[in-house]
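Every chain is numbered from 1, with letters handed out A, B, ... down the list of sequences. Atoms considered below: every heavy atom in the structure, side chains included; atoms not considered: hydrogens, waters and symmetry mates.
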Amino acid sequence: MRIPIQEVTPETGQAEVIGWVHEVRDLGGLTFFLIRDRTGILQVTVPKKKVSAEVLSAIKETSRESIVRVSGVVKAIDKAPGGRELVPDTFELVCRCASPLPLDVVEKVPADLDTRLDARFLDARRPRVTAVFQVRSQATKAVCDYLFSRGFLTITTPKVVAAATEGGTELFPIAYFEKEAFLNQSPQLYKQMMMGAGFEKVFEIGPIFRAEEHNTTKHLNEATSIDVEVSFADHHEVMRLLEDLVVHVYRSVQETCAGPLDALEIRELAIPEAPFDRLPYADAIGIAAKATGEPIQYGDDIGTVAEKAIGEHMGAHYFITDWPTAIKPYYAMPYEDDPSVCKAFDLMHPRMELSSGSQRVHQHDLLVHQIQSKGLSPESFAFYLTPFLYGMPPHAGWGLGAERLIMTMLGLGNIREAVLFPRDRHRLTP
RNA sequence: GCCCAGGUAGUGUAGUGGCCCAUCAUGUCGGCCUGUCACGCCGACGACUCGGAUUCGAAUUCCGACCUGGGCGCCA
């Protein structure tokens, strides 16, 4: 019966493991195999004079990264990794690996990210790459656990949509039978419609598509968004929800991902402290202008240079609040006493934006007005506006970039490291 | 979209006009080796993105194409 390598200890006695041949060191009369599965690495030691002819012929056929099934006695040996090794009674070549390898799984020789992504199935065998996705899996679970425990419903919404509904970002057009359609940039409008349906608290973790031709380490053309919407809540409440969630995810990863964090050489995951600072947009602009010496003015978008300067100044997670209505989407609720400023916020990590959200406009006429003032046509998305005529509760929400959350948590240099099969300006395969 | 950098064995690199039928490492193959853990030692194998130009001579200079990385713009 096969057991995970992690469970092989000096006390195990007889064991059978199946895994990939990570490394081979042939010393002549003695050969060491490092066998790897997703739980760890085990040394298999073959004293050539003491094993059967079948074992000898099998190891002769075995190449690096082949899959082997090995069984034998586990011995406590100080000199072996993990303090134990297995001496095989049987050694079966399950699947021989071709050679040469497209990249070096053992990482003796580095590989460019591009090479790694071309051979992602092999790249993902590297323990530190596996670790990223073990952490991502746990983070996803932590998000779901957190939101379910607070009474949220998870929903799914269409990724194929009829029209460019939000303005702003570019959309990917696709052929939909005889009609033109697009890949959705955000579940925003659908989340809001479910507020109109009375679901009160919903979330969706799903893909979003942006057809921007950017070429950076923090943008993807297909990303994963953790989207939340809450009825009868304002922007303050969903900011508290968001910061609590982020802290919860960090804690959960720290508590349950010791192995992966170790593989990533993260000794201690720094858990952000809530509440995060609330930095009004006007103050953020002031900081950026002072720090960069550039003519950054109230009303400007916060560009990369400004974002970096403010991040360095803040030094931890923070919110930028109270944005000018003019540079936020039409669905962000303006303040009653000063409609030029709205109840929108961005959650920032010192390195980059992680999330943006707001209290939403829930009054039909105001929403129509806001859409028009953005130069958009209300008629083109009547399907969205109609629910606002039939009892739409006040509501607020946000969208959090899953890859950026993982990237900043683990200190990854490139967002593509946080996705198995990234889609960027140039990459469509694998 | 603008700008910058780059493309040399399977992988990562050195090489800025002749010293290069190309360096080093890793890998693969063969040989030696019973405690390795980046095992060691010996030997072999394997590459200049493509097209054109300049030149006695081009991996190296120039032009074009293709491909890639990055910065910025843009980005719910």
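- Taking A/Asp114 as the reference, A/Asp118, A/Arg427 meet the side chain to side chain contact (heavy atoms under 4.5 Å, CB included) condition, with sequence neighbours excluded.
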Protein heavy-atom contacts under 4.0 Å, written 5' to 3' over nucleotides 43-49 of chain B as B (base), S (sugar-phosphate only) or - (none), form the string -------

Provide a list of protein-nucleic acid N or O atom pairs under 3.5 angstrom, restricted to nucleotides 1-8 of chain B.
residue: B/rG1; atom: OP2; partner: A/Glu213; partner atom: OE1; Å: 2.4
residue: B/rG1; atom: O6; partner: A/Glu213; partner atom: O; Å: 3.3

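- Between A/Phe319 and A/Phe345, the ring planes lie perpendicular to each other; the angle is over 60°, past the 30° to 60° tilted range.
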Dot-bracket assigned to RNA chain B with the 3.5 Å Watson-Crick/G-U criterion, [ ] for crossing and | for other-strand pairs, is (((((((..(((.....[.....)))((((((.......))))))...(((((..]....))))))))))))....

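- Judged by distance alone, the side chains of A/Ser340 and A/Thr325 never bring a donor and an acceptor atom under 3.5 Å apart.
- B/rA47 sits 14 Å from B/rG27 when the C1' atoms are compared, rounded to a whole Å.
- Remark: P of B/rC75 and NZ of A/Lys218 are 13 Å apart, rounded to the nearest angstrom.
- Salt-bridge annotation for A/Glu336 and A/Lys343: present, with a side-chain N of the basic residue lying under 4.0 Å from a carboxylate O of the acidic one.
- Distance noted for atom P between B/rC33 and B/rC19: 42 Å (whole Å).
- Separating the CG atom of A/Asp114 from the P atom of B/rC66 is a distance of 18 Å, rounded to the nearest angstrom.
- Remark: A/His349 pairs with A/His317 by the ring pair (Phe, Tyr, Trp, His ring centres under 6.0 Å) rule, at least two apart or across chains.
- By the side chain to side chain contact (heavy atoms under 4.5 Å, CB included) test, A/His362 is found to be paired with A/Met333, A/Met392, A/Pro394, A/His395, residues two or more places apart in sequence or in another chain being considered.
- The side chain of A/Thr115 lies closest to B/rG12, out of B/rC75, B/rG70, B/rG12.
- At a cut-off of 3.5 Å, with distance as the only test, no side-chain donor of A/Glu7 or A/Thr12 sits close to an acceptor on the other residue.
- What separates CD of A/Glu307 from C1' of B/rC75 is a distance of 11 Å, to the nearest Å.
- Look at CZ on A/Arg351: it is 11 Å from P on B/rG71, rounded to the nearest Å.
- Rounded to an integer number of Å, the gap from A/Lys108 NZ to B/rA38 C1' is 5 Å.
- Comparing the same atom, C1', in B/rA58 and in B/rU68 gives a spacing of 24 Å after rounding to whole Å.
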Let me have the donor-acceptor pairs involving side chains of residues 32-41 of chain A, under 3.5 Å, with sequence neighbours excluded, atom names and distances please.
residue: A/Arg36; atom: NE; partner: A/Arg125; partner atom: O; Å: 3.4
residue: A/Arg36; atom: NH1; partner: A/His22; partner atom: ND1; Å: 2.8
residue: A/Arg36; atom: NH1; partner: A/Glu65; partner atom: OE2; Å: 3.1
residue: A/Arg36; atom: NH2; partner: A/Glu65; partner atom: OE1; Å: 2.9
residue: A/Asp37; atom: OD1; partner: A/Thr39; partner atom: N; Å: 2.7
residue: A/Asp37; atom: OD1; partner: A/Thr39; partner atom: OG1; Å: 2.6
residue: A/Asp37; atom: OD1; partner: A/Gly40; partner atom: N; Å: 3.2
residue: A/Asp37; atom: OD2; partner: A/Ile5; partner atom: N; Å: 3.0
residue: A/Thr39; atom: OG1; partner: A/Ile5; partner atom: N; Å: 3.2
residue: A/Thr39; atom: OG1; partner: A/Gln6; partner atom: N; Å: 2.9

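- Rounded to whole angstrom, the span from the CD1 atom of A/Ile327 across to the P atom of B/rC75 amounts to 10 Å.
- Going from atom CZ of A/Arg427 over to atom C1' of B/rU68 covers 10 Å, rounded to whole Å.
- Atoms SG and CH2, on A/Cys95 and A/Trp20 in that order, are 9.5 Å from each other to the nearest 0.5 Å.
- When the P atom of B/rU68 is taken as reference, atom CG of A/Asn414 falls 15 Å away, rounded to whole Å.
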Validation: residues 285-303 of chain A side-chain donor-acceptor distances under 3.5 Å, sequence neighbours left out:
residue: A/Thr292; atom: OG1; partner: A/Ala288; partner atom: O; Å: 2.7
residue: A/Thr292; atom: OG1; partner: A/Glu294; partner atom: N; Å: 3.1
residue: A/Asp300; atom: OD2; partner: A/Gln297; partner atom: N; Å: 2.9

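- Residue A/Arg64 places at least one side-chain N or O under 4.0 Å from the OP1 or OP2 atom of B/rU28.
- Within 6.0 Å of the NZ atom in A/Lys159, the count of heavy atoms belonging to other residues, nucleotides or ligands exceeds 12.
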Each nucleotide of nucleotides 29-36 of chain B classed B (base within 4.0 Å of a protein heavy atom), S (only sugar-phosphate) or -, in 5' to 3' order, makes ----BBBB

(request) With side-chain contact (heavy atoms from CB on, under 4.5 Å) as the test, would you mind laying out the steps for A/Glu243 and A/Val246 before giving the verdict? (result) CA-CA 5 Å; A/Glu243 66 193 352; A/Val246 169; 5.7 Å; no

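- Checked against side chain to side chain contact (heavy atoms under 4.5 Å, CB included), A/Asp322 has the following partners two or more places apart in sequence or in another chain: A/Pro280, A/Tyr335, A/Val341.
- Counting non-hydrogen atoms under 4.0 angstrom, A/Arg416 reaches the backbone sugars and phosphates but no base.
- Residues forming a side chain to side chain contact (heavy atoms under 4.5 Å, CB included) with A/Gln14 (at least two apart in sequence, or on another chain): A/Val73, A/Asp89.
- Residue order along RNA chain B, read from the 5' end via each residue's closest nucleotide, puts A/Lys308 first among A/Lys308 and A/His219.
- Aromatic ring pairs are classed by plane angle as parallel below 30°, tilted from 30° to 60° and perpendicular above 60°; the pair A/Phe152 and A/Phe203 is perpendicular.
- B/rG35 and B/rA22: their C1' atoms are spaced 40 Å apart (whole Å).
- Comparing B/rG71, B/rU68, B/rU11 against the side chain of A/His426 picks out B/rU68 as the nearest.
- Across the C1' atoms, B/rU55 and B/rU28 are found 40 Å apart, a figure rounded to whole Å.
- Comparing the same atom, P, in B/rA59 and in B/rC50 gives a spacing of 11 Å after rounding to whole Å.
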For residues 260-267 of chain A, run the donor-acceptor check on the side chains, cut-off 3.5 Å, and write out each pair with its distance to 0.1 Å, sequence neighbours left out.
none

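- A distance of about 37 Å separates the P atoms of B/rG18 and B/rC2, rounded to the whole Å.
- The side chain of A/Thr217 places an N or O atom within less than 4.0 Å of a non-bridging phosphate oxygen (OP1 or OP2) of B/rG71.
- Counting non-hydrogen atoms under 4.0 angstrom, A/Ile208 reaches a base of the nucleic acid.
- The same atom, C1', is picked in B/rC29 and in B/rC37; the two are 24 Å apart, to the nearest Å.
- Nearest-nucleotide positions on RNA chain B place A/Val305 closer to the 5' end than the other of A/Gly357 and A/Val305.
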